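Before any comments, here is the structure.
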Amino acid sequence: MAKKNQKIQSVKEKSVLSDYDFLSKLIVGIGEVSKITGIPQRQLRYWQEKGLIQTADEAGSTIRRFDYLEIKKILLIKELLEEGYTLEAAAKKIEKRMESINSAFKKLKKLS
DNA sequence: ATTCTTACA
DNA sequence: TGTAAGGA
């Protein structure tokens, strides 16, 4: 019985670790992002041109790739737009939010 | 199969 | 903004 619990515990730990792993390595194309966020590709490209969202620029490729943080940003911007915000206003608000979140996690990262 | 740019409705 | 054309 003790052995069984041990096994369950290790599975739990692994799933937590791979969860983090998954999110930090997740990088998807514009098609997927569009599909999961509901934002048309046309608009995602437009936002990116305006510099409101970033793309993982891999050397020598014109193809846009979005990581976990950008997808999160996109979702946040989408919500604000639905609440009546201007694209610019939404972007500014998100920018500040991301800044404070990132600085908070940098502090935590130093402790590990 | 996917994404990219350009351009016109 | 949506969509179609034409190339990578």
Side-chain angles (χ1 to χ4, degrees):
Chain A
M1 190 51 107
K3 208 166 188 178
K4 198 169 188 178
N5 287 333
Q6 200 174 35
K7 198 168 188 178
I8 291 176
Q9 183 58 37
S10 85
V11 168
K12 273 186 185 172
E13 285 169 2
K14 274 183 186 171
S15 80
V16 170
L17 286 177
S18 60
D19 221 34
Y20 177 83
D21 244 41
F22 174 66
L23 289 177
S24 62
K25 291 178 182 172
L26 179 64
I27 294 182
V28 292
I30 197 173
E32 280 292 298
V33 175
S34 176
K35 196 182 304 174
I36 65 183
T37 63
I39 305 292
Q41 298 186 19
R42 179 74 167 79
Q43 211 165 16
L44 290 175
R45 297 197 178 97
Y46 184 62
W47 293 1
Q48 192 256 320
E49 282 174 28
K50 288 230 161 188
L52 304 183
I53 54 180
Q54 314 302 313
T55 51
D57 33 296
E58 297 163 52
S61 177
T62 65
I63 297 180
R64 301 175 177 75
R65 299 207 169 294
F66 302 82
D67 64 19
Y68 168 64
L69 284 179
E70 296 309 318
I71 296 174
K72 199 164 178 173
K73 252 192 211 175
I74 292 168
L75 255 10
L76 255 18
I77 292 178
K78 177 189 169 180
E79 283 182 18
L80 292 184
L81 288 181
E82 288 170 345
E83 284 175 21
Y85 281 75
T86 296
L87 183 55
E88 291 186 352
K92 278 189 182 178
K93 199 168 188 111
I94 297 308
E95 202 178 320
K96 286 181 183 175
R97 187 190 304 239
M98 296 303 272
E99 269 181 38
S100 62
I101 291 177
N102 284 330
S103 70
F105 275 99
K106 276 180 188 171
K107 291 175 187 173
L108 286 180
K109 215 170 185 180
K110 286 179 183 175
L111 298 181
S112 64

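What you see is a predicted model; the values in this text were computed from it and never measured. Here is the naming used below: chain letters follow the sequence lines, and residue numbers restart at 1 for every chain.
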[X]: side-chain contact (heavy atoms from CB on, under 4.5 Å) partners, not counting sequence neighbours:
| X | value |
| --- | --- |
| A/Gln41 | A/Ile30, A/Ser34, A/Arg45 |
| A/Glu32 | A/Val28, A/Lys35 |
| A/Lys92 | none |
| A/Glu79 | none |

Residue-level proximity of residues 51-65 of chain A to DNA chain B when a heavy atom falls under 4.0 Å: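 A/Thr62, A/Ile63, A/Arg64, in order of number.
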Does atom CD of A/Glu82 have more than 12 heavy-atom neighbours, drawn from other residues, nucleotides or ligands, at distances under 6.0 Å?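 Yes, because the 6.0 Å sphere around CD of A/Glu82 holds more than 12 heavy atoms from other groups.
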Can you list, in residue-number order, the parts of residues 66-74 of chain A that come under 4.0 Å of DNA chain C, counting heavy atoms only?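 Hits under 4.0 Å, by residue number: none.
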Give, for atom CD1 of A/Ile53 and atom CD1 of A/Ile74, the distance between the pair rounded to the nearest 0.5 Å.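 CD1 of A/Ile74 is found 4.5 Å from CD1 of A/Ile53.
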Return the CD1 to CG distance between A/Ile39 and A/Leu81, rounded to the nearest 0.5 Å.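 Rounded to the nearest 0.5 Å, the CD1-CG separation comes to 7.0 Å.
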Interatomic distance where [atom1] belongs to [X] and [atom2] belongs to [N] [whole Å]:
| X | N | atom1 | atom2 | value |
| --- | --- | --- | --- | --- |
| A/Arg45 | C/dT1 | CZ | C1' | 13 Å |
| A/Leu44 | B/dC4 | CG | P | 10 Å |
| A/Ile30 | B/dT5 | CD1 | P | 9 Å |
| A/Glu49 | B/dT5 | CD | C1' | 9 Å |

With sequence neighbours excluded, give me every salt bridge (Lys or Arg N to Asp or Glu O under 4.0 Å) pair touching residues 48-64 of chain A.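 Qualifying pairs: A/Glu58-A/Arg65.
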Taking Watson-Crick (N1-N3 plus N6-O4 or O6-N4) and G-U wobble (N1-O2, O6-N3), each under 3.5 Å, can you produce the dot-bracket string of DNA chain C? Use [ ] for crossing pairs and | for inter-strand ones. .|||||.|
Where do A/Pro40 and A/Gly38 come nearest, in terms of heavy atoms and distance?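 Looking at all heavy atoms of both residues, the shortest contact is CD-O, 3.6 Å.
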Under the side chain to side chain donor-acceptor pair (under 3.5 Å) test, which residues partner A/Lys72, sequence neighbours left out?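 For A/Lys72 the side chain to side chain donor-acceptor pair (under 3.5 Å) partners, ignoring immediate neighbours, are A/Tyr68.
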Residues in side chain to side chain donor-acceptor pair (under 3.5 Å) contact with A/Lys93, at least two apart in sequence or another chain: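 So A/Lys93 forms a side chain to side chain donor-acceptor pair (under 3.5 Å) with A/Tyr85.
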Partner set under salt bridge (Lys or Arg N to Asp or Glu O under 4.0 Å) for A/Lys96, not counting sequence neighbours: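 Counting only residues at least two positions away or on another chain, A/Lys96 forms no salt bridge (Lys or Arg N to Asp or Glu O under 4.0 Å).
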Can you spot which of A/Ile77, A/Leu52, A/Leu75 makes a side-chain contact (heavy atoms from CB on, under 4.5 Å) with A/Ile94?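 Looking at A/Ile77, A/Leu52, A/Leu75, the match for A/Ile94 under the side-chain contact (heavy atoms from CB on, under 4.5 Å) is A/Ile77.
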Strictly under 3.5 Å: I want the nitrogen or oxygen pairs between protein and nucleotides 2-4 of chain C, one per line.
residue	atom	partner	partner atom	Å
C/dG2	N7	A/Arg42	NE	3.3
C/dG2	O6	A/Arg42	NH2	3.2
C/dT3	O4	A/Arg42	NE	3.2

